[in-house]
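Report on one structure; see the data block that follows.
Nothing here was measured: the structure is a model prediction, and the numbers come from that model. Numbered from 1 within each chain, the chains take letters A, B, ... in sequence-line order.
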Amino acid sequence: MYTVGIDIGSLATKIVLMKDGKIKALLENRSLHNFTAIGTQLFHQILKDNNLTSDDIGNIYSTGYGRHSISKLTSNIITEISAHARGAQYFYPKVQGIIDIGGQDSKVIKLNPKSSTVIDFQMNDKCAAGTGRFLEVMADALDIPIENLGNLALQSKSPVQISSTCTVFAESEVIGHFAQGTAKQDIAAGIHNSIAKRVASMVKRIQIVEPIVFCGGVALNPAVKIALENELKLKLLVPKYPQYIGAIGAALIAKERFKNGRV
Amino acid sequence: MKTFAYFDSTHEFPEEIIIAAQMNPYKILGKADFSTELADQYIPQFICANARSFLNQAIEESSNWEGIAIAHGCDATNRQFDIWDQHVKTQFLYYIHNPLKTDEIAQHFFIGEIKAMILALESHFNIKITLDQLEKAIQVSNQIKILLQNLSKLRITKDISNSEYFDVLKFTMQNPKKKVLPYLKSISIDWLARNPFPINKHPIFLTGSDITHSLWFELLEKVNLRVVRDDLSIGERYFATLIPTDKDPISNIAKYYLNIPRSSTKHPTNPRIKYILKACKKEKIHGVISQIIKFCETFAYDTPFLKSQLEVIQVPVIHLEREYTENIDQQISTRLEAFVELLEQPQ
Ligand code: SF4
């Protein structure tokens, strides 16, 4: 049976097509604040690419910030928390903790080691600090493409300290360092340490333990992973397709909840 | 009937004095439109919006009230009396000290405070507040509390929405008690005839800062969380216990206010936590929602202890920090939905 999971994030929408619990196809696009249109477009595209029609799909679940916006298309919704928990278990069945850093939010999820159910979670407050948006703003301030920010940070031998947790103040701080002639790689490394500190405080609040999966679009940036590992003094597992974990989880839950019809 | 308004950040103000003075005790809860702009000129925004909204309402509406009393509630707000004194136009503004402790010395102190307030009212309004009137006021108060206790119990067995419960409490705290009694009786008839508790709803305990608008209760309802117990001031704290009648009325009133379910504004924390744990065990509560309004540190400080104690009895808890807004908060909504999913997981 085919199932589809659609993760409509504030910045990017990700869609996964699964057959009998195995990944068949993945697609993503910018959400562009038009959740309904992007979600629908990606759904039709993934069907077309795989020579399927809507009738071939057993169950469709949406998740993410815009999960309610494609209710005409989906059978049900699930929150990012449950979706990420399930998606992370797909790659690492023994996972006990999850750190997800997305475009505009970050979350930490604690799982029960015996039952693998969610026992606690933390989400960032209405604040860009500790999210992908923070890195985007900082890359802009440094005038480099966001894709290069992580590798640049890895070249640093002496990271600067970014003391402001607020994105707006941190940007002024970065510009200040820039004006003083600090090397870009040292500023970039400071930026990564700053996001790691912010996320680590959420981790410490609910005290997750290894094995911990690090996912979300920001997990593609190796410097954030290293900064987080240094800050938390533990190892993180980055799954294949880290940005698709929510969509994969939604598609898996769609499969598990299918009972002779879409539910 | 004349209205006398009061501001207490929990259930602190001895409203029986006002009933005995033949006025309507009106609990200030802010305006329906969530406005705080006028008060924001005088109170910085890192103080909770509840307190700012109360001042805002007072600045706008004090001419409708005969006087205003402020009771010592939380430490964040108690010195705001000076701001009210400067900026709220009223003929009579009074501050009554509620002790933090509950021992004999505290009761003795509070008796003195109640007597002083009675004298101040008598002198300003040129009235006499007799012991007999105070006794009658206690009777009325207790009748209301008994009716509310019975209504509250129906939340566990009947289909009573969160906001219906809140609306009843708000009405009770803002309207003349003569109007309140028949109103509560008619609500009892209505609620008794309701359908049983809906199977798709999760019975929860609600705690934390006081909630002054029904919007937040509606948000909980939307995600199928049904508040069947609470320890809020606009909630169980108001009616959980009755005013004793064994001594003179002033001592009885003093004893009552020092022995109601405790809030985080008073020391120590244990009695508050005990009340929550007891209710969770008694009613088979599925989960606890602990919420604070930004930046109510008074309740925030208690949260880790509350969380650890609930873990011991294995009752899931979620802690949320909410804004004072008329808009639905999408992030809070996601967290609540995730909490419901957590409650519904196969164990
Ligand atoms: S909400 Fe908190 S800070 Fe505000 S008045 Fe109440 S107890 Fe005090």
Side-chain angles (χ1 to χ4, degrees), chain A residues 7-10 33 35 61-69 76-86 89 98 100 102 104-128 130-131 201-202 204-207 246 249-250 253 256-257 263, chain B residues 45-46 49 200 202 219-220 222-225 286-297 300-325 327-347:
Chain A
D7 179 0
I8 307 189
S10 50
H33 298 296
F35 301 143
Y61 267 47
S62 60
T63 187
Y65 185 73
R67 64 191 175 283
H68 292 282
S69 56
N76 216 329
I77 56 161
I78 193 89
T79 65
E80 300 91 295
I81 304 295
S82 302
H84 279 85
R86 188 64 193 89
Q89 284 165 355
I98 297 155
D100 166 71
Q104 279 192 9
D105 74 7
S106 45
K107 54 188 102 46
V108 179
I109 305 165
K110 185 176 184 176
L111 300 173
N112 184 324
K114 286 188 193 135
S115 60
S116 300
T117 50
V118 175
I119 45 176
D120 207 349
F121 61 88
Q122 283 282 316
M123 287 175 82
N124 70 310
D125 206 353
K126 280 194 217 72
C127 171
T131 73
S201 68
M202 290 203 293
K204 285 170 190 163
R205 239 175 278 157
I206 58 170
Q207 294 171 349
I253 294 169
E256 287 151 8
R257 297 214 183 147
V263 277
Chain B
Q45 300 211 5
F46 55 77
N200 64 331
H202 291 279
L219 184 62
L220 296 177
K222 237 175 119 182
V223 295
N224 289 333
L225 293 169
H286 288 187
V288 172
I289 308 273
S290 155
Q291 52 70 45
I292 58 161
I293 189 166
K294 269 184 182 160
F295 300 92
C296 173
E297 287 174 359
Y301 287 141
D302 268 4
T303 307
F305 183 47
L306 171 64
K307 218 175 151 186
S308 67
Q309 293 300 300
L310 286 166
E311 261 165 28
V312 174
I313 61 162
Q314 294 184 330
V315 174
V317 55
I318 183 170
H319 179 71
L320 301 163
E321 204 178 2
R322 66 187 161 87
E323 308 269 352
Y324 185 74
T325 169
N327 302 317
I328 295 278
D329 184 327
Q330 200 50 50
Q331 269 199 331
I332 296 256
S333 197
T334 298
R335 285 173 212 201
L336 287 170
E337 281 178 49
F339 185 62
V340 171
E341 287 171 1
L342 184 151
L343 298 178
E344 289 174 354
Q345 293 173 122
Q347 291 308 310

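- If you measure heavy-atom distances from A:Ile119 to chain B, the contacts under 4.5 Å come from the backbone alone.
- Inspection of the A:Thr79 and B:Arg335 side chains reveals no N or O donor paired with an N or O acceptor under 3.5 Å.
- Residue B:Ile332: no heavy atom, backbone or side chain, is found under 4.5 Å from chain A.
- For the residue pair A:Thr131 / A:Gln104, no side-chain donor-acceptor distance below 3.5 Å is found, with atom types taken as modelled.
- Considering only heavy-atom pairs separated by less than 4.5 Å from chain B, the leading option among A:Glu80, A:Met123, A:Arg205 is A:Met123.
- Donor-acceptor pairing under 3.5 Å is recorded for the side chains of A:His68 and B:Glu337.
- Interface residue B:Gln330: only side-chain heavy atoms are found under 4.5 Å from chain A.
- Between B:Glu323 and B:Lys294, at least one side-chain N (NZ, or NE/NH1/NH2) sits under 4.0 Å from a carboxylate O, which counts as a salt bridge.
- When heavy atoms are compared at a cutoff of 4.5 Å, A:Ile253 does not approach chain B at all.
- Chain A forms the most heavy-atom pairs under 4.5 Å with one residue out of B:Val340, B:Asp329, B:Val317, and that residue is B:Asp329.
- Under a 4.0 Å N-O distance rule, the pair B:Lys307/A:Asp120 qualifies as a salt bridge.
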